[in-house]
Amino acid sequence: MNMYYRQLGNIPHKRHTMFKKDDGSLYREQVMGTKGFSGTQSILYHHHLPTAVAKTEYLGSYMPEFEEEGALRHRHFFTDKVEKEGCALKSREYLLGNSDLLIGTAYVTEEMTNFYRNGDGDEILYIHFGKGQVETMFGTITYGKGDYVVIPIGTIYRVVPEEDTKMLIVESFSQITTPRRYRNEYGQLLEHSPFCERDLRGPEKLETKDEEGEFEVITKSRGALHSHVLNHHPLDVVGWDGYLYPWVFNIEDFEPITGRVHQPPPVHQTFEGHNFVVCSFVPRLYDYHPESIPAPYNHSNVNSDELLYYVEGNFMSRKGIKEGSITLHPSGIPHGPHPGTTEASIGKKETLELAVMIDTFKPLKIVKKAHDVEDPNYMFTWV
């Protein structure tokens with residue numbers, strides 16, 4: 001499931017039929033789909049052959065180097081100390097990952113001079129701050145603070161920031177969807193879902209580039225980067241339709257689910273991929289049982305690792321956390337509120353926290369470079 005059917009630009013009445021330009025030549029049809037023609041798909045119509053590549057080059061592995069196995073412990077990283085910056089591709093700094101996904105940040109200070117596509121899986125670009133455009137083969141998306149920009153596998157795009165932009169990036173090796181339990185058998189989001197199709201945005205306008213020249217597309221595939229130089233502009237699509245395309249959901253449109261007593265983390269779920277989920281913690285009213293404890297209870301992640309990216313607000317169960325902090329609470333040992341925060345939460349009516357949580361069902365590994373921005377004493381802050 002991707003959102004719902006959508007069409008932009010001009011398309012012929014029937015698929016797989018002649019679609020002619022004014023001069024009588026044919027537009028070039030491309031079927032772009034998942035799961036061997038049985039998953040979501042779209043059909044795009046190009047000025048030029050999407051297969052016309054003038055030059056290729058192997059650029060090397062993009063997979064990060066992970067640390068050696070050490071003592072099991074809770075971890076804390078300050079992503080505002082990551083010094084890497086540049087375009088949305090070159091500024092990516094991976095911090096954690098496993099065989100299902102890679103997690104990192106990017107501080108985007110300039111537009112991409114080439115184009116990019118991830119042929120290994122879907123991506124989420126969560127916009128911590130900043131604004132700009134994502135120019136894609138499906139059209140242009142305007143992004144701003146709090147947007148989750150979901151980009152499906154194989155999409156050619158580039159990020160053009162209007163102002164410096166901080167992103168939390170999730171690179172998935174599987175398709176990213178809305179939670180299955182919030183959809184009916186037809187794919188429509190149900191009434192109890194914390195958001196609905198009305199909250200989701202697709203590309204706003206299709207800007208077709210019928211240009212010839214040299215245009216480089218950096219492609220991720222099989223764990224490596226590859227350069228493909230086209231002899232035409234890659235954003236040459238005149239029209240498309242289908243269910244596979246980039247889309248946006250803003251975290252402020254997530255309607256929190258609350259109750260008389262503390263609700264478990266799954267009520268915050270926003271997306272899911274293979275072996276992981278992404279959740280949104282947003283400002284919300286606290287529990288309203290007269291004896292409720294709003295702070296979360298101590299819990300053991302028996303089957304999953306829990307990562308939190310702190311965006312802004314009052315993180316009531318944590319001390320020493322900053323905006324842009326990432327905490328990792330691994331499976332196998334319990335975690336919970338810092339000392340004193342449970343008692344301090346009693347009687348409070350609401351929380352103004354904003355955070356993104358990623359739970360993985362395989363252990364997350366730490367990238368060696370993440371040591372440069374780590375708080376080594378975090379494990380001992382409950383003592």
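Values below: every heavy atom of this structure, side chains too, minus hydrogens, waters and symmetry copies.
- Rounded to the nearest 0.5 Å, atoms NZ (Lys349) and CG (Asp287) are 11.0 Å apart.
- The aromatic rings of His48 and His232 sit parallel to each other, their planes meeting at less than 30°, with 60° as the upper class boundary.
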The test is side-chain hydrogen bond (donor to acceptor under 3.5 Å, both in side chains); show your working for Thr270 and Ser280 and say whether it passes. CA-CA 6 Å; Thr270 314; Ser280 301; 2.8 Å; yes
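- Looking at Asn118 and Glu123, their side chains do bring a donor and an acceptor atom within 3.5 Å of each other.
- Tyr126 and Asp147 share no donor-acceptor pair across their side chains, judged by distance under 3.5 Å alone.
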I would like to know whether Asn250 and Asp199 meet side-chain contact (heavy atoms from CB on, under 4.5 Å); could you show each step before the answer? CA-CA 8 Å; Asn250 191 279; Asp199 299 316; over 6 Å; no
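- Within the 4.5 Å cutoff, the side chain of Ile218 has no heavy atoms near those of the His226 side chain.
- Looking only at side-chain heavy atoms (C-beta outward), Pro246 and Tyr157 stay at 4.5 Å or farther from each other.
- Between Tyr297 and His299, the ring planes are perpendicular. Angles over 60° get that label, and only those under 30° would be called parallel.
- Lys322 forms no cation-pi arrangement with Tyr310, by the criterion of a distance under 6.0 Å to the ring centre and an angle within 45° of the ring axis.
- The shortest non-hydrogen separation linking Phe138 to Leu244 is CE2-O, 3.2 Å.
- Classified by interplanar angle (parallel below 30°, tilted 30° to 60°, perpendicular above 60°), the ring pair Phe195/Phe249 is tilted.
- Across all non-hydrogen atoms, the minimal contact from Cys279 to Pro265 is SG-O, 4.1 Å.
- Using modelled atom types, one side-chain atom of Asn98 and one backbone atom of Leu101 make a donor-acceptor pair closer than 3.5 Å.
- Two different hydrophobic clusters hold Ile153 and Phe115 under the rule that ILVMFWY side chains link at heavy-atom gaps under 4.5 Å.
- Taking the six-membered ring wherever Trp is involved, the centroid distance between the rings of His47 and Tyr45 does not fall below 6.0 Å.
- Geometrically, Lys220 engages Tyr62 in a cation-pi contact defined by less than 6.0 Å to the ring centre and at most 45° from the axis.
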The test is side-chain hydrogen bond (donor to acceptor under 3.5 Å, both in side chains); show your working for Thr142 and Glu204 and say whether it passes. CA-CA 8 Å; Thr142 300; Glu204 297 130 25; 2.8 Å; yes
Verdict with reasoning, Ser331 to Asp305, per side-chain hydrogen bond (donor to acceptor under 3.5 Å, both in side chains): CA-CA 5 Å; Ser331 59; Asp305 282 8; 3.3 Å; yes
Please test Glu216 against Asn114 for side-chain hydrogen bond (donor to acceptor under 3.5 Å, both in side chains), starting from the C-alpha separation and ending with a verdict. CA-CA 5 Å; Glu216 184 182 38; Asn114 47 22; 3.3 Å; yes
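- The aromatic rings of Tyr378 and His74 lie perpendicular to each other, with more than 60° between the two planes, well past the 30° mark.
- The aromatic rings of Phe19 and Tyr27 are tilted relative to each other, their planes meeting at an angle between 30° and 60°.
- Grouping the Ile, Leu, Val, Met, Phe, Trp and Tyr side chains by contacts below 4.5 angstrom, directly or via other members, places Tyr148 with Leu354.
- Under the rule for a side-chain hydrogen bond (donor to acceptor under 3.5 Å, both in side chains), the partners of Arg158 that lie at least two apart in sequence or sit in another chain are Glu111, Glu135.
- Taking a 6.0 Å sphere around CD1 of Ile293, one finds it holds 12 or fewer heavy atoms contributed by other residues, nucleotides or ligands.
- Checked against salt bridge (Lys or Arg N to Asp or Glu O under 4.0 Å), Glu306 has no partners two or more places apart in sequence or in another chain.
- Considering all non-hydrogen atoms of both residues, Tyr182 and Val267 come closest at OH-O, 4.0 Å.
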Test log, rule side-chain contact (heavy atoms from CB on, under 4.5 Å), inputs Lys166 and Thr79: CA-CA 10 Å; Lys166 171 78 174 291; Thr79 69; 3.0 Å; yes
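- Figure legend: cation-pi geometry between Lys365 and Phe66, with NZ or CZ positioned under 6.0 Å from the six-membered ring centre and within 45° of its axis.
- Residue Phe361 is not grouped with residue Phe173 when hydrophobic side chains (ILVMFWY) are merged at heavy-atom distances under 4.5 angstrom, including chains of intermediate members.
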